[in-house]
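Here the structure comes first, spelled out in structure tokens, and everything after it is commentary.
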Amino acid sequence: MHHFQYHDEELYCEDIPVRKIIQDVGTPVYIYSRRTLEHHARVYEGAFEQMDHLSCFAIKANSNLSVIRLFAGNGMGADVVSGGEIFRALKAGVPPDRIVFAGVGKTKAEMAYALRRGILMFNCESSAELDLLDSVARDMNKKAPVAIRVNPDIDASTHPYISTGLEKNKFGLNMESAFQEYLRAKEMKGIEITGMHTHIGSQITEIGPFRDAVDRIKGLIERISGKGLAIRNMDIGGGLGIRYRDETPPTPAEWAQTLIPVSNDLGCRIISEPGRVLVGNAGVLVTRVLYLKNTSVKRFAIVDAGMNDLIRPSLYQSYHDIWPVCRREGEVINMDIVGPICESGDFFARDRAMTMPMPNDLLAVMSAGAYGFTMSSNYNSRPRSAEVMVDGGEFMVVRGRETYEDLIRGETV
Ligand code: LLP
């Protein structure tokens, strides 16, 4: 569900023609719909309201301060994976005791920062990390609240780059190692065990893998409780898929239903880390057609956004719908929509059947709200695009377009 729709052949975000926003802000630009974000937050929170829970928005999906703040205002916390993300979450007003910190490569400085700020939980991913955290916490006369990230060896049937719950992946500890680490952590003076964590992947479109993961984690929590260790928080990660094309992912409610008996049985709080499902369909990337170009075998529309702005099609061969901002009559042809970057992998769509656009036409790359701007870069020395938030009939630039000066900030000759 989202609030991007046509009125009289013209694409609107909520109550504003997208064209109007572009007149002010230019292209490329990310446009987010506040109404859609609010709706997703309400639906998600509603799904979990029957149980003691905390939803921590995975801010890697979209770390714009306005977006984080909106979710914080809906009672959500933040799932972070770096010191920078902790900084952002705090700046956006997320209370520290609603921040969970995952990641296989936490540095000593990041640990100390998180401890100083008093975050809710470190989701520890290795034995060595646990040792370092223990020593950092002891040096600070603190106890670090810890969940061990368990890798349940479950195939999430998603793109291999975003599958994380298999034994061959770098994330977490397998069931037996995790068990041993819990026993070890129990004796550490700088560690307080407060939870168990898992996250099996992203853009998961079936309920089965989630169910299997929860069953396994539940079994391990029971086994650990038998050793006198209370697990107060069961963090089940994120990963709910969205519809990019014709997927039919489980709804938050379906997911939550599978967790109610578990939460009742174990008496622990359910933490989840939704990212994509909250923001994915709430944002689009709008770009302008610069040129049309034909070869003997291909037809190209060259646009002013590139893989530096939205890397998902290049990196994961992911599908994004592409909608004209003003619909026109015309020949439907198969074409590639490509960017200006000097790489053949710089494309948004390949052999896509669409009404042939004209130079200067605006195109909206749909479902770009998650892992869009956050994965953007300055490759080819391209300033990063602006971000706009629409609220009903109004809009606001929530991050200004970068300038050439921004490109060289911090550099010296
Ligand atoms: N929790 C942890 C520990 C994670 O690693 C992630 C995502 C999430 C939660 C949120 O997952 P979500 O609900 O958004 O699926 N760049 C890729 C996705 C990478 C996901 C990384 N981890 C993409 O564009 O598809």
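- In this structure a side-chain-to-backbone donor-acceptor pair under 3.5 Å is missing from Glu331 to Met356.
- Across Leu363, Ile22, Val303, Asp361, a single residue satisfies side-chain contact (heavy atoms from CB on, under 4.5 Å) together with Arg288, and that is Ile22.
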Checklist entry - Run the side chain to side chain donor-acceptor pair (under 3.5 Å) check on Glu247 and Thr205 step by step: do they pass? => result CA-CA 7 Å; Glu247 303 90 336; Thr205 53; over 6 Å; no
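- Counting only residues at least two apart or on different chains, the side-chain hydrogen bond (donor to acceptor under 3.5 Å, both in side chains) pairs with a member in residues 397-406 are Asn378-Glu402, Arg384-Glu402, Arg399-Glu402, Thr403-Asp406, Asp406-Arg409.
- The aromatic rings of Phe101 and Phe122 are tilted relative to each other, their planes meeting at an angle between 30° and 60°.
- Atom OG of Ser202 sits about 7.0 Å away from atom CD1 of Ile204, to the nearest 0.5 Å.
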Next on the checklist: I'd like to know whether Met121 forms a side-chain contact (heavy atoms from CB on, under 4.5 Å) with Val146, so could you lay out the CA-CA distance, the side-chain angles of the two residues, the decisive distance to 0.1 Å, and finally the verdict.
Outcome noted: CA-CA 5 Å; Met121 200 158 75; Val146 161; 5.9 Å; no
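- Within a 6.0 Å sphere centred on CG of Asn294, heavy atoms belonging to other residues, nucleotides or ligands number more than 12.
- A cation-pi geometry, defined here as NZ or CZ lying under 6.0 Å from the six-membered ring centre and within 45° of its normal, holds between Arg350 and Phe347.
- Residues satisfying the salt bridge (Lys or Arg N to Asp or Glu O under 4.0 Å) test with Arg42, not counting sequence neighbours, are none.
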Next on the checklist: Applying salt bridge (charged side-chain N to carboxylate O under 4.0 Å, His left out) to Arg35 and Glu38, what does each step give before you reach the verdict?
Outcome noted: CA-CA 5 Å; Arg35 204 177 277 166; Glu38 293 275 7; over 6 Å; no
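- Between the side chain of Thr295 and the main chain of Val297, a donor-acceptor pair closer than 3.5 Å is present.
- Here the side chain of Thr198 pairs a donor or acceptor atom with the backbone of Val150 at under 3.5 angstrom.
- Every side chain to side chain donor-acceptor pair (under 3.5 Å) that Thr251 has, sequence neighbours left out, goes to Glu254.
- Using cut-offs of 30° and 60° for the angle between ring planes, the Tyr44 and Trp255 rings count as perpendicular.
- By the 6.0 Å and 45° rule, Arg312 does not stack over the aromatic ring of Tyr371.
- You'll find the ring centres of Trp323 and Phe4 outside the 6.0 Å limit.
- Ring centroids of His320 and Tyr244 are separated by less than 6.0 Å, placing the two rings close together.
- Listed for the His3 side chain is no donor-acceptor partner under 3.5 Å among the backbone atoms of Cys13.
- Interatomic distance, NZ of Lys143 versus OG1 of Thr194, reported as 11.5 Å (0.5 Å rounding).
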Next on the checklist: Under the criterion side-chain contact (heavy atoms from CB on, under 4.5 Å), I'd like the reasoning laid out for Leu54 against Leu120: C-alpha separation, chi angles, the key distance, then a yes or no.
Outcome noted: CA-CA 11 Å; Leu54 175 66; Leu120 173 62; 3.7 Å; yes
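- With Glu387 as the fixed residue, the side-chain contact (heavy atoms from CB on, under 4.5 Å) test singles out one of Val397, Asn62, Val67: Asn62.
- A 4.5 Å side-chain heavy-atom check between Asn334 and Arg352 finds every atom pair outside the cut-off.
- Going from atom CD of Glu129 over to atom CG of Leu133 covers 6.5 Å, rounded to the nearest 0.5 Å.
- Side-chain atoms of Thr374 come within 3.5 Å of backbone N or O of Lys60 as a donor-acceptor pair.
- With hydrogens and angles ignored, the 3.5 Å screen pairs a side-chain donor or acceptor of Asn308 with a backbone N or O of Ser377.
- Distance alone, capped at 3.5 Å, places no donor-acceptor pair between the Asn123 side chain and the His197 backbone.
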Next on the checklist: Between Asp265 and Lys218, does the salt bridge (charged side-chain N to carboxylate O under 4.0 Å, His left out) criterion hold? Intermediate values first, please.
Outcome noted: CA-CA 9 Å; Asp265 277 8; Lys218 179 172 185 262; 3.2 Å; yes
